[in-house]
There are 2 protein chains.
Amino acid sequence: MQQSSLPIETVLQIRDQCLCLAAQRAARKLARRFDRLFAPLGLTNGQFSMLVALSGQWQPRLGELAEFLAMDATTMTAAAKTLEKRGLLHLIPDQADARARRPVLTEAGRVLIAQAAPLWCAEHGKLHAELAETQASTDPKALAQLLSQLG
Amino acid sequence: MQQSSLPIETVLQIRDQCLCLAAQRAARKLARRFDRLFAPLGLTNGQFSMLVALSGQWQPRLGELAEFLAMDATTMTAAAKTLEKRGLLHLIPDQADARARRPVLTEAGRVLIAQAAPLWCAEHGKLHAELAETQASTDPKALAQLLSQLG
DNA sequence: TCCAAGTAGTTTGATATCAATATAAAATGC
DNA sequence: GCATTTTATATTGATATCAAACTACTTGGA
């Protein structure tokens, strides 16, 4: 049997409409783009997001931070270890719960994120401009909210 | 200095509006969802997308397939090796160019994707329904196109 | 013809991702 | 108080991801 046992319409439907595939593609392209942007600082896009999340008043536990980033807790363990090894954050045991640890930025972490933020602003501005060109349908801000809800 | 050297407005702007972060979050959530869906078949969401792409008449080279999936060529090398090892595809040397190889589904690959497609259809239908509930703003089909363009 | 430049794919090394499992501490029920 | 259950994190193993460097082949030009 040379022909696919799958109807060609189904193949095309999945290929062109699968939100999972579309999200993976978008995520990979944007990850590469921001990884290269932050490469001079030795940061990946994910590390940037994680450090930014810790730059405000919020002092989450590892699990809470993982949930915010929609990542698995085990991934967070590994990511936090890498950043701690580089001296960008400390893992402070929670006072009330001996199981929990809270990542807290070091001074080096704050300095680095202060260097990275302007790069982000410039690049994200470009991205907005590109979106405005290709499809004026969706506001980038609304799009970010939409993407965060997906899944 | 206890306070962040980054203005709080900037932190919030990045946290709430970064399209890269939003895309990574969406990609992770959807990847988990479809990985679990296909787990009984021993497939990941990425393997499913790759096999579906090869289910039509298209017979791309590895590099062309990588470009379609917006992934790095080196990632494709590894992914193809895994699927070849499992007997789901063959890597056929290109006749005209001895450097190039074209992945071609085996019968086992066709059978497996024929089993997986109904699972995808059901789950993607649910996803559509959920999207219709939470935010009626965007058509899922248009959203897939939009996501594919991002980056 | 032959060399230089470009192209297709691979290898290596680092981090990312998650399932399954493990460990330790907290919360619950009796 | 003590046993059970739940929760927070860590460990292991497999695949995913990409940059940098590499090999082998092709192409273009002298």
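Throughout, protein chains are lettered first and strands after them, A, B, ... in sequence-line order, and every chain is numbered starting at 1. If you're wondering where the values come from, they're calculated on a predicted model, not measured in any experiment.
Among D:dT26, C:dT10, C:dA25, the nucleotide with an atom closest to any side-chain atom of A:R99 is C:dA25. Distances from the side chain of A:D97 to the nucleotides C:dA16, D:dA8, C:dG9 place D:dA8 closest. Distances were taken from every side-chain heavy atom of A:T77 (C-beta onward) to each of D:dT15, D:dA10, C:dA19; the shortest belongs to D:dA10. Minimum atom distance to the side chain of B:R36 is reached by C:dA19, of the listed C:dA19, C:dC18, D:dA16. Closest to the B:A100 side chain, of the nucleotides C:dA8, C:dA20, D:dA19, is C:dA8. Comparing C:dT10, D:dA16, C:dT17 by their closest approach to the side chain of B:Q47 singles out D:dA16. Of the candidate nucleotides C:dA19, D:dT15, C:dA16, C:dA19 has the atom nearest to the side chain of A:T74. Considering only side-chain atoms of B:A79, the nucleotide from C:dG9, D:dA16, C:dC18 that sits closest is D:dA16.
Taking the six-membered ring where tryptophan is involved, the planes of A:F34 and A:H124 are tilted, since the angle between them lies from 30° to 60°.
A straight line from CZ of A:R28 to C1' of C:dT15 spans 16 Å, rounded to a whole angstrom. The NZ-P distance, from A:K29 to D:dC18, rounds to 12 Å in whole Å. Residue B:M76 contributes atom CE, which lies 15 Å from atom P of D:dA19 at whole-angstrom precision. Atom CE in A:M50 sits about 12 Å away from atom C1' in C:dA16, given to the nearest Å. At whole-Å resolution of the value, CG in A:L43 and P in C:dA14 are 18 Å apart. Between the CG atom of A:D94 and the C1' atom of D:dT9 there is a distance of 12 Å, given to the nearest Å.
The phosphate of D:dT9 (OP1 or OP2) has no side-chain N or O of A:R101 nearer than 4.0 angstrom. Side-chain N/O atoms of B:K81 include one lying less than 4.0 angstrom from OP1 or OP2 on C:dT11.
A residue-by-residue look at A:T75 and A:A98 shows that A:T75 has its nearest nucleotide of DNA chain C further toward the 5' end. Taking the nucleotide of DNA chain C with the nearest heavy atom to each of A:R86 and B:R102, the more 5' of the two is matched to B:R102.
Minimum heavy-atom separation, A:G87 to A:T106: O-OG1, 2.6 Å.
By the 6.0 Å and 45° rule, B:R33 does not stack over the aromatic ring of B:F38.
Looking at heavy-atom distances under 4.0 Å, A:M71 makes contact with sugar-phosphate atoms alone, never a base.
Atom-to-atom distance recorded for A:D94:CG and A:R61:CZ is 6.5 Å, nearest 0.5 angstrom.
A:M50 pairs with exactly one of A:T82, A:L65, A:L43, A:I113 by the side-chain contact (heavy atoms from CB on, under 4.5 Å) rule, that one being A:L65.
Of the residues in residues 61-69 of chain B, B:R61, B:L62, B:G63 come within less than 4.0 Å of DNA chain C through at least one heavy atom, sorted by number.
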